[in-house]
Amino acid sequence: MSIETGNEQQLLGLVKQGDPTAMKTVYSTHVRYLTAVCSRYIVNDEDVKDVLQESFLKIFSGIASVEYRGKGSLRGWMTRVTVNEALRFLQRNNRIRFVDISMYEHDLPEKEPDIDSIPSSVIFQLIRELPDGYRTIFNLYVIEGKSHKEIASMLDIKESTSASQLHRAKALLAAKIAAIQ
(Lines give C-alpha, C1' and ligand atoms only; values in the text may rest on other atoms or scores of the structure.)
Protein backbone atom coordinates (compact mmCIF):
# COMPACT_ATOMS: atom_id res chain seq x y z
CA MET A 1 0.00 0.00 0.00
CA SER A 2 1.30 3.44 -0.93
CA ILE A 3 0.97 6.22 1.60
CA GLU A 4 0.56 9.71 0.28
CA THR A 5 2.49 12.31 2.23
CA GLY A 6 -0.09 14.90 1.15
CA ASN A 7 -2.78 13.35 3.34
CA GLU A 8 -1.33 14.22 6.71
CA GLN A 9 -4.43 13.17 8.65
CA GLN A 10 -4.45 9.68 7.13
CA LEU A 11 -0.71 9.37 7.66
CA LEU A 12 -1.05 10.40 11.31
CA GLY A 13 -3.79 7.81 11.81
CA LEU A 14 -1.62 5.05 10.35
CA VAL A 15 1.35 6.06 12.52
CA LYS A 16 -0.90 5.96 15.60
CA GLN A 17 -1.81 2.40 14.62
CA GLY A 18 1.90 1.52 14.52
CA ASP A 19 2.18 1.18 10.73
CA PRO A 20 5.95 0.96 10.03
CA THR A 21 5.59 2.26 6.46
CA ALA A 22 3.74 5.32 7.72
CA MET A 23 6.40 5.88 10.38
CA LYS A 24 9.11 5.68 7.75
CA THR A 25 7.18 8.15 5.59
CA VAL A 26 6.85 10.61 8.48
CA TYR A 27 10.56 10.27 9.19
CA SER A 28 11.71 10.67 5.59
CA THR A 29 9.29 13.54 4.95
CA HIS A 30 10.38 15.58 7.96
CA VAL A 31 13.97 14.58 8.81
CA ARG A 32 15.67 17.28 6.70
CA TYR A 33 13.42 20.04 8.01
CA LEU A 34 13.82 18.93 11.64
CA THR A 35 17.59 18.66 11.15
CA ALA A 36 17.58 22.29 10.04
CA VAL A 37 15.47 23.26 13.07
CA CYS A 38 17.86 21.45 15.38
CA SER A 39 20.88 23.02 13.64
CA ARG A 40 19.58 26.48 14.49
CA TYR A 41 20.24 25.72 18.15
CA ILE A 42 23.09 23.22 18.11
CA VAL A 43 26.28 23.69 16.11
CA ASN A 44 28.06 20.35 16.44
CA ASP A 45 26.81 17.89 13.79
CA GLU A 46 27.16 14.84 16.05
CA ASP A 47 25.13 16.58 18.76
CA VAL A 48 22.50 17.49 16.15
CA LYS A 49 22.22 13.80 15.20
CA ASP A 50 21.86 12.79 18.86
CA VAL A 51 19.20 15.41 19.57
CA LEU A 52 17.35 14.52 16.38
CA GLN A 53 17.34 10.84 17.37
CA GLU A 54 15.96 11.76 20.81
CA SER A 55 13.38 13.98 19.12
CA PHE A 56 12.14 11.19 16.86
CA LEU A 57 11.97 8.80 19.82
CA LYS A 58 9.78 11.34 21.64
CA ILE A 59 7.77 12.02 18.49
CA PHE A 60 6.94 8.38 17.87
CA SER A 61 6.31 7.59 21.53
CA GLY A 62 4.05 10.62 21.99
CA ILE A 63 2.30 10.71 18.65
CA ALA A 64 -0.76 8.86 20.00
CA SER A 65 -1.74 12.03 21.88
CA VAL A 66 -1.47 14.29 18.82
CA GLU A 67 -4.75 15.68 17.59
CA TYR A 68 -4.91 16.56 13.91
CA ARG A 69 -5.78 20.26 13.58
CA GLY A 70 -5.31 20.84 9.89
CA LYS A 71 -2.55 20.91 7.33
CA GLY A 72 0.83 21.48 8.94
CA SER A 73 -0.27 20.61 12.46
CA LEU A 74 1.83 17.44 12.55
CA ARG A 75 4.95 19.31 11.39
CA GLY A 76 4.25 22.07 13.89
CA TRP A 77 4.02 19.59 16.75
CA MET A 78 7.18 17.79 15.60
CA THR A 79 8.99 21.13 15.43
CA ARG A 80 7.99 21.94 19.03
CA VAL A 81 9.26 18.54 20.19
CA THR A 82 12.57 19.08 18.37
CA VAL A 83 13.07 22.62 19.71
CA ASN A 84 12.32 21.42 23.24
CA GLU A 85 14.81 18.56 22.87
CA ALA A 86 17.46 20.97 21.58
CA LEU A 87 16.87 23.28 24.55
CA ARG A 88 17.05 20.34 26.98
CA PHE A 89 20.34 19.27 25.41
CA LEU A 90 21.79 22.77 25.75
CA GLN A 91 20.65 23.06 29.36
CA ARG A 92 21.83 19.55 30.29
CA ASN A 93 25.26 20.31 28.91
CA ASN A 94 25.44 23.81 30.41
CA ARG A 95 25.76 25.32 26.96
CA ILE A 96 23.40 28.21 27.54
CA ARG A 97 25.36 30.94 29.25
CA PHE A 98 24.06 34.45 29.48
CA VAL A 99 26.38 37.42 29.70
CA ASP A 100 25.45 40.62 31.47
CA ILE A 101 25.64 43.57 29.14
CA SER A 102 27.41 46.57 30.51
CA MET A 103 26.44 50.05 29.43
CA TYR A 104 29.89 50.39 27.86
CA GLU A 105 29.36 47.70 25.24
CA HIS A 106 28.48 48.59 21.69
CA ASP A 107 24.88 49.26 20.89
CA LEU A 108 22.96 48.26 17.81
CA PRO A 109 23.93 50.19 14.70
CA GLU A 110 21.80 53.21 13.78
CA LYS A 111 20.24 51.28 10.90
CA GLU A 112 19.82 47.61 10.28
CA PRO A 113 22.27 46.11 7.79
CA ASP A 114 21.09 45.42 4.26
CA ILE A 115 20.78 41.66 4.00
CA ASP A 116 18.99 41.46 0.65
CA SER A 117 22.20 40.72 -1.24
CA ILE A 118 23.42 38.09 1.25
CA PRO A 119 22.43 34.47 0.58
CA SER A 120 20.25 32.91 3.28
CA SER A 121 22.85 30.18 3.78
CA VAL A 122 25.39 32.85 4.79
CA ILE A 123 22.90 34.45 7.21
CA PHE A 124 22.18 31.00 8.67
CA GLN A 125 25.90 30.37 9.16
CA LEU A 126 26.38 33.77 10.84
CA ILE A 127 23.53 32.96 13.25
CA ARG A 128 25.14 29.58 13.99
CA GLU A 129 28.37 31.41 14.90
CA LEU A 130 26.65 33.34 17.68
CA PRO A 131 27.41 32.16 21.23
CA ASP A 132 24.96 29.47 22.38
CA GLY A 133 22.93 31.71 24.70
CA TYR A 134 22.57 34.51 22.16
CA ARG A 135 21.75 32.08 19.36
CA THR A 136 19.12 30.32 21.48
CA ILE A 137 17.34 33.54 22.44
CA PHE A 138 17.60 34.89 18.87
CA ASN A 139 16.08 31.72 17.39
CA LEU A 140 13.30 31.48 19.95
CA TYR A 141 12.33 35.13 19.50
CA VAL A 142 12.94 35.75 15.79
CA ILE A 143 12.38 32.33 14.22
CA GLU A 144 9.95 30.62 16.61
CA GLY A 145 8.05 33.84 17.41
CA LYS A 146 8.19 33.40 21.19
CA SER A 147 7.74 36.39 23.50
CA HIS A 148 10.35 37.30 26.11
CA LYS A 149 7.89 36.09 28.74
CA GLU A 150 7.63 32.67 27.03
CA ILE A 151 11.40 32.45 26.57
CA ALA A 152 11.99 33.36 30.21
CA SER A 153 9.63 30.60 31.27
CA MET A 154 11.19 28.04 28.91
CA LEU A 155 14.77 28.78 29.98
CA ASP A 156 14.09 29.70 33.62
CA ILE A 157 15.52 33.21 33.24
CA LYS A 158 14.19 36.75 33.71
CA GLU A 159 12.36 38.47 30.84
CA SER A 160 14.95 41.25 31.00
CA THR A 161 17.71 38.67 30.47
CA SER A 162 15.94 37.41 27.37
CA ALA A 163 15.53 40.95 26.04
CA SER A 164 19.14 41.94 26.73
CA GLN A 165 20.52 38.75 25.18
CA LEU A 166 18.41 39.30 22.07
CA HIS A 167 19.71 42.87 21.87
CA ARG A 168 23.31 41.64 22.12
CA ALA A 169 22.68 38.83 19.59
CA LYS A 170 21.32 41.35 17.09
CA ALA A 171 24.31 43.64 17.67
CA LEU A 172 26.78 40.80 17.10
CA LEU A 173 24.89 39.60 14.03
CA ALA A 174 24.81 43.14 12.61
CA ALA A 175 28.56 43.46 13.18
CA LYS A 176 29.20 40.13 11.43
CA ILE A 177 27.05 41.20 8.48
CA ALA A 178 28.81 44.56 8.26
CA ALA A 179 32.16 42.77 8.23
CA ILE A 180 31.27 40.77 5.10
CA GLN A 181 29.75 43.65 3.16
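- Side-chain contact check for F89 versus D47: some heavy-atom pair is nearer than 4.5 Å.
- By the neighbour-count criterion of 12 heavy atoms within 6.0 Å, atom NZ of K16 is densely surrounded, having more than that number from other residues, nucleotides or ligands.
- For the pair E8 and G72, the tightest heavy-atom approach, listed with the atom from each and the gap, is OE1-N, 3.0 Å.
- In this structure the side chain of L140 reaches within 4.5 angstrom of the side chain of L87, judged on heavy atoms.
- Of all the heavy atoms in R135 and L130, the pair that sits closest is NH1-O, 2.7 Å.
- Annotation: F138, atom CZ; neighbour count of heavy atoms from other residues, nucleotides and ligands within 6.0 Å is above 12.
- To the nearest 0.5 angstrom, D156 atom CG is 10.5 Å from T161 atom OG1.
- Side-chain atoms of L126 and L172, non-hydrogen and from C-beta on, never get closer than 4.5 Å to each other.
- Taking the side chain as every heavy atom from C-beta outward, R40 and F124 approach each other to under 4.5 Å.
- Between E54 and L57, some side-chain heavy-atom pair lies under the 4.5 Å cut-off.
- With contacts defined as side-chain heavy-atom distances shorter than 4.5 Å, the pair L166/H148 qualifies.
- For the pairing with S55, the side-chain contact (heavy atoms from CB on, under 4.5 Å) check across T82, N84, V37 returns one residue only, T82.
- Taken together through direct or relayed side-chain contacts under 4.5 Å among Ile, Leu, Val, Met, Phe, Trp and Tyr, Y41 and V43 form parts of separate hydrophobic clusters.
- Scanning for salt bridge (Lys or Arg N to Asp or Glu O under 4.0 Å) contacts around R88 gives E85, with sequence neighbours left out.
- Closest heavy-atom contact between F56 and M78: CE2-CE, 3.9 Å.
- Counting heavy atoms of neighbouring residues, nucleotides and ligands inside a 6.0 Å radius, atom CZ of R128 exceeds 12 of them.
- Put simply, L34 and V31 are part of the same group of oily side chains (I, L, V, M, F, W, Y) that touch within less than 4.5 Å, one to the next.
- Applying the salt bridge (Lys or Arg N to Asp or Glu O under 4.0 Å) test to K176 and every residue at least two apart in sequence or in another chain returns E129.
- Taking OG1 of T136 as the reference point, atom CG of L155 lies at 7.0 Å (rounded to 0.5 Å).
- Side chains of V26 and L12 form no contact here, defined as non-hydrogen atoms less than 4.5 Å apart.
- The CH2 atom of W77 sits 12.5 Å away from atom CZ of R69, with the distance rounded to the nearest 0.5 Å.
- Hydrophobic clustering, with ILVMFWY side chains joined whenever heavy atoms are under 4.5 angstrom apart, groups V83 together with Y27.
- Taking CD from Q165 and CD1 from I151, the interatomic distance works out to 11.0 Å, rounded to the nearest 0.5 Å.
- Here I137 contributes atom CD1 and D132 contributes atom CG; the two are 11.5 Å apart, rounded to the nearest 0.5 Å.
- Within the 4.5 Å cutoff, the side chain of V142 has no heavy atoms near those of the I127 side chain.
- One finds the OG1 atom of T35 at 10.0 Å from the CG atom of D45 (value rounded to the nearest 0.5 Å).
- Residues M154 and Q91 come closest through the heavy atom pair O-NE2, 3.7 Å.
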Problem set entry | K49 and L52: CA distance, side-chain angles, deciding distance, side chain to side chain contact (heavy atoms under 4.5 Å, CB included) verdict | CA-CA 5 Å; K49 288 177 186 173; L52 199 59; 5.7 Å; no
